[in-house]
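Note that the coordinates shown come from a computational prediction; the quantities given were computed from them, not determined experimentally. We name chains A, B, ... by the order of the sequence lines, and we start the count at 1 in each one. Note that these values count all heavy atoms, side chains included, but never hydrogens, waters or copies made by symmetry.
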Amino acid sequence: MNFYLGSLSVSTKPDMSDKRLPIDVIRHSASHVLAQAVISFFPEAKLGIGPAIENGFYYDFDLDTPITDEMLEKIEIKMNEIIKEKQSFKHFDLPKDKAIELMNQKNQPYKVELINDLNLSSYSFYENGPFLDLCKGPHCENTIRIPAIKLLTVSGAYWRGSEKNKMLQRIYGTAFHDKKALKQFIFQQEEAKKRDHRNLGKQLQLFSINDDIGSGLILWHPKGSRVRHIIESYWRDAHFDANYELLYSPHLGKEDLWKTSGHLDCYQENMYTNINIDNQDYYIKPMNCPFHLMVYKSHQHSYRDLPVRYAELGTVYRYERSGVLHGLMRVRGFTQDDAHIICRKDQVESEITDVLNFCVQILKTFGFHDFKTFISTRPEEKAIGDQQDWDMAQSALENAVKSADMDYEIDHGGGAFYGPKIDIKIKDAIGREWQCSTIQFDFNLPEKFDMSYINSEGNKERPYMIHRALLGSIERFFGILIEHYNGKFPTWLAPVQVQILSIVDKFSPQCEELQKALKAHNIRTNIDTSSDKIGAKIRRYIKEKVPYMIIIGENEIKTGVLSVRKLGSNDTIQMTESELICQIQNEVTHKGQLPTKV
RNA sequence: GCUCUCGUAGCUCAGUCGGUAGAGCGCAUCCAUGGUAAGGAUGAGGUCAUCGGUUCAAUCCCGUUCGAGAGCUCCA
């Protein structure tokens, strides 16, 4: 819960003898200075909360005047003045009634609300200079110990995170131990901005989103489609190798199907409205599960048939509120790399282990090597399935993670009502974490769809069901890949692998000949025989981030040796056609290339 | 959905304190045939997102709708 006094989340005691205070203490102190600066400009501002957060701090204000970017600059200047004044942070406690009296006197209704709700025996306050705040602390001894600050953005935030409450203005800022660390942080932010998949998607002509088509609906351009096709081909081959069967299922289904599955009860707010066909209501699918289960149910299964592994690149549509849409990362129509494993109890653990290893294999192929796993267990309230099944499933998940030798954390009570799960987070080239993969037990759907198999005694038995997605959504994963590689796709993924450049346009026939030869080896090649100078052409394909450029001129034609320029290198390497083909094929076979260092 | 900010050529962006607009890249044509990050010239392209209001006059001011961005909330 993030709506308490931010200070409550700071548990570290400051050690004043240590020159390096905990970063949260510095940031939290900086948030007080921020509030102090804002109050100095707007004495009427009502204070919300001001905690330290992962990459900095914020403070919420109820203030009628909108805070502009220029104002933000002024506030930051003021903050630096306050810091230089070396104001001491003084701490004192008050009983509840006195605390409320003090905050009423300061005209701070939100603080009064917090005091009332916290219900403690005494309330802690911090004071520095003219500024006073309800706060558990701890703080720096004085403001000069806040070494480097920067204000970042202003945005809206609901009081206590609830849409029902008033929207306050939130100022985000950050603080670091020294100017160098602050600079590094700003550099990282800028780096993230530079490799924003929305910009790269436009520059590299990978995809677009068209207003006339609709928000959150992706148009895959030829180059993006090419990359997607490569991803999907690899994915399909890998799934066949791992003994999955691949399915295709329709994009909509009758109302009764979604009633049975429970989606109309539990998920309707994310589903698009009904389509009436021949007096029957149909719904566009937000998930693939019911279709896969229907395939399972299309005939009777023996215990000998299990496990059944059905996978599909299934395109689903979900209503997402307009404000949450974001490039490829959050869309309204997307393709899940979905699978459902239906198995016997005695197969559960090995299935989970296999899925986990398979998942790691696939993620590594795409250049991700840093993983964190989270096991979410049975929620306290309303969960279906008996405790034995939950225990069995949870230990299967834990054993699988252990045997894969992966670090994991347990999120107690964090599972869905229908079963426990493992989520896997991957770290990208600039240290950001993304959750793509999820492996979930489902004790619900087998019940609802009355799934069964015939056991060795000839009796009907309920199978176990595991739902999993490895890349998550192809759209989102593509967005993450673009940013991970900064648009410089490794050779096996690059939409164009080789760009052939002629020095002079009269060498076109030789270029075409080479292209034909490379194409015969499944190498994706384009030719530029335009009348631009070679320097201009090289510049163009560096910007297009093509892995290989081959320059064809008089010398090459005479010697029969190719001049090859690799992306990221300013030198040309001489190699024969077969050497080049061999090198590219080698990269394509091995995959898994890491992004270049930032 | 909510708060704030924004919407000018295919792209990135100037600009007009109210008198219907400009650059660079890209595109087209021509000249140039040049060896490793931009050769030169000419030209085409815009109801200044939409609808309405104020005004002699709106791209600019006010309001509406649509869309985008940063957040909140939610989530793959």
Nearest-nucleotide comparison on RNA chain B, the residue closer to the 5′ end among A:Leu168 and A:Phe334: A:Leu168
Roughly how far apart, to the nearest Å, are [N] and [M] at atom [atom1]?
{"N": "B:A49", "M": "B:C61", "atom1": "P", "value": "11 Å"}
{"N": "B:C60", "M": "B:C74", "atom1": "C1'", "value": "38 Å"}
{"N": "B:U64", "M": "B:A57", "atom1": "P", "value": "23 Å"}

With syn defined as a glycosidic angle within 90° of 0 and anti as the rest, where does B:G45 land? syn
Which of residues 534-554 of chain A have a heavy atom under 4.0 Å from RNA chain B? A:Ile534, A:Gly535, A:Ala536, A:Ile538, A:Arg539, A:Ile542, A:Ile551, A:Gly553, A:Glu554
Is A:Lys545 close enough and on-axis enough to A:Phe489, meaning under 6.0 Å and within 45°, for cation-pi? no
Flag this pair as yes if the NZ/CZ of A:Arg27 is under 6.0 angstrom from the six-membered ring centre of A:Phe57 and inside a 45 degree cone about the axis; otherwise no.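 Not satisfied by the 6.0 Å and 45° rule.
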Check whether the ring centres of A:Trp258 and A:Phe291 lie less than 6.0 Å apart, and answer yes or no. yes
Is it the case that the side chains of A:Glu556 and A:Ser563 hold a donor-acceptor pair, with the cut-off being a distance below 3.5 Å and no angle test? yes
When you compare the side chains of A:Gln169 and A:Asp60, does any donor N or O come within less than 3.5 Å of an acceptor on the partner? no
Atom pair distance, as rounded to whole Å: CZ in A:Phe61 and C1' in B:U3: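 These atoms are roughly 16 Å apart.
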Length of the CE-P vector between A:Met287 and B:C75, whole Å: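 My rounded result for the distance is 11 Å.
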Quick one: label A:Arg198 by what it contacts on the DNA or RNA (base, sugar-phosphate, nothing), any heavy atom closer than 4.0 Å. sugar-phosphate
Here RNA chain B, pairs taken as Watson-Crick or G-U under 3.5 Å and shown with ( ), [ ] when crossing and | when to another strand, reads (((((((..((((.....[..)))).(((((.......))))).....(.(((..]....))).))))))))....
